[in-house]
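What follows is a single structure, written as structure tokens, with notes after it.
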Amino acid sequence: MNKRIERCTMAAAMAVGSMAFAGILSTVQAGLPAVQRQGAVEYVSGGIGLDESEAMKAAAKDYPLALTFAAQRDGNADYVANVGVSIQDAQGKSVLQATAEGPYMLVKLPAGRYKVSATYNGAAQEREVSVQNGATARAVFEWK
């Protein structure tokens with residue numbers, strides 16, 4: 001009889017723990033901006049405010065490409081939004097043309113090499129990135 005009670009107690013504890021984890025996960029996902037799609041490419045951009053910023057950082061592991069945007073202001077690097085983003089594949093074909101609505105942009109791309117261009121206040125920068133299966137390639141753009 002005691003073993004049955006122990007099993008029931010353990011099962012109840014595991015259920016409560018699972019629900020708590022699901023609650024944390026849904027809270028993080030709830031702070032994530034809406035996923036957008038352009039052709040076959042899914043992306044999300046944002047990161048304004050602590051909740052959204054934390055949600056974006058947590059979700060980065062699910063996206064093969066993570067971009068971050070900042071600008072130097074008064075000697076500090078401040079995050080910026082409204083950054084024009086263009087991504088081309090190795091053959092020069094455009095795979096994404098979008099505007100980052102916050103300092104972070106997460107993009108689902110197939111494995112391969114890409115050229116990422118980011119434009120902020122009329123100044124453009126480029127980065128070459130290599131996206132690999134099961135990993136997140138990261139690129140940071142910082143304007144002076």
Side-chain angles (χ1 to χ4, degrees), residues 5-144:
I5 292 171
E6 286 175 13
R7 276 189 238 143
C8 288
T9 303
M10 188 162 53
M14 289 174 64
V16 169
S18 294
M19 288 186 299
F21 178 74
I24 291 169
L25 185 61
S26 66
T27 299
V28 169
Q29 290 174 338
L32 195 64
V35 174
Q36 300 179 55
R37 179 181 289 275
Q38 192 174 103
V41 177
E42 287 184 4
Y43 68 97
V44 62
S45 69
I48 297 174
L50 184 59
D51 289 346
E52 194 172 283
S53 175
E54 292 300 317
M56 294 288 290
K57 290 175 188 176
K61 67 181 177 7
D62 299 323
Y63 287 81
L65 179 61
L67 306 174
T68 305
F69 310 105
Q72 288 288 328
R73 293 187 185 140
D74 300 324
N76 296 316
D78 290 336
Y79 289 125
V80 296
N82 299 316
V83 176
V85 176
S86 173
I87 301 177
Q88 295 179 335
D89 65 15
Q91 290 73 41
K93 180 183 172 201
S94 177
V95 295
L96 180 67
Q97 290 279 127
T99 299
E101 298 171 4
Y104 302 109
M105 179 178 264
L106 306 175
V107 187
K108 286 192 178 178
L109 294 169
R113 297 199 54 75
Y114 297 90
K115 179 170 69 172
V116 180
S117 299
T119 304
Y120 177 70
N121 281 345
Q125 295 184 17
E126 289 185 357
R127 303 281 186 277
E128 298 280 336
V129 296
S130 179
V131 171
Q132 299 175 2
N133 290 327
T136 301
R138 298 179 185 277
V140 177
F141 294 84
E142 187 175 333
W143 289 267
K144 304 234 183 242

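- Using a 4.5 Å heavy-atom threshold, the side chains of Val85 and Thr99 count as separate.
- Of all heavy-atom pairs between Arg113 and Ser130, the closest is NH1-CB, 3.2 Å.
- Side-chain N or O atoms of Gln132 include none that pairs as donor or acceptor with a backbone N or O of Ala111 at under 3.5 Å.
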Does Tyr43 form a ring pair (Phe, Tyr, Trp, His ring centres under 6.0 Å) with Tyr63? I'd like the steps, not just the answer. CA-CA 8 Å; Tyr43 68 97; Tyr63 287 81; 9.5 Å; no
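- To the nearest 0.5 angstrom, Arg138 atom CZ is 9.5 Å from Leu65 atom CG.
- Using a 4.0 Å cut-off between a side-chain N of Lys or Arg and a carboxylate O of Asp or Glu, Lys115 and Glu128 do not qualify as a salt bridge.
- Panel note: side chain Glu52, backbone Ile48; a donor-acceptor pair is recorded below 3.5 Å.
- Taking CG of Asp78 as the reference point, atom CZ of Arg73 lies at 5.5 Å (rounded to 0.5 Å).
- Across Val44 and Pro33, no two heavy atoms sit closer than the pair CG2-O, 3.2 Å.
- Minimum interatomic distance between Lys108 and Val41 (heavy atoms only, all atoms of both residues): O-CG1, 3.6 Å.
- Pairing each heavy atom of Pro110 with each of Val131, the nearest pair is O-CG1, 3.8 Å.
- When side chains are defined from C-beta on, Met56 does not count as touching Pro103, because their heavy atoms never get closer than 4.5 Å.
- In terms of modelled atom types and a separation under 3.5 Å, the side chain of Gln72 and the main chain of Lys144 share no donor-acceptor contact.
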Decide side-chain contact (heavy atoms from CB on, under 4.5 Å) for Gln97 and Gln38; before the verdict, give the C-alpha distance in whole Å, the side-chain angles of both, and the deciding distance to 0.1 Å. CA-CA 8 Å; Gln97 290 279 127; Gln38 192 174 103; 3.9 Å; yes
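- More than 12 heavy atoms of other shown residues, nucleotides or ligands fall within 6.0 angstrom of atom CG in Asp62.
- Contact annotation: the side chain of Trp143 never approaches that of Asn121 to less than 4.5 Å [non-hydrogen atoms, C-beta and beyond].
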Which is it for Ser94 and Gln88 under the side-chain hydrogen bond (donor to acceptor under 3.5 Å, both in side chains) test, yes or no, and what are the steps along the way? CA-CA 4 Å; Ser94 177; Gln88 295 179 335; 6.0 Å; no
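- Here the NZ-CG distance, from Lys61 to Leu106, works out to 10.5 Å after rounding to the nearest 0.5 Å.
- Here the side chains of Phe69 and Met105 are in contact, with some heavy-atom distance below 4.5 Å.
- No donor-acceptor distance shorter than 3.5 angstrom exists from the side chain of Thr68 to the backbone of Tyr104, with no hydrogens or angles considered.
- In this structure, Thr136 contributes its side chain and Ala60 its backbone to a donor-acceptor pair below 3.5 Å.
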Verify side-chain contact (heavy atoms from CB on, under 4.5 Å) between Phe141 and Leu67, making sure each step is shown before the conclusion. CA-CA 8 Å; Phe141 294 84; Leu67 306 174; 4.1 Å; yes
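- Side chain of Asp89 to main chain of Gln91: a donor-acceptor pair is present (N/O by atom type, distance under 3.5 Å, no hydrogens or angles).
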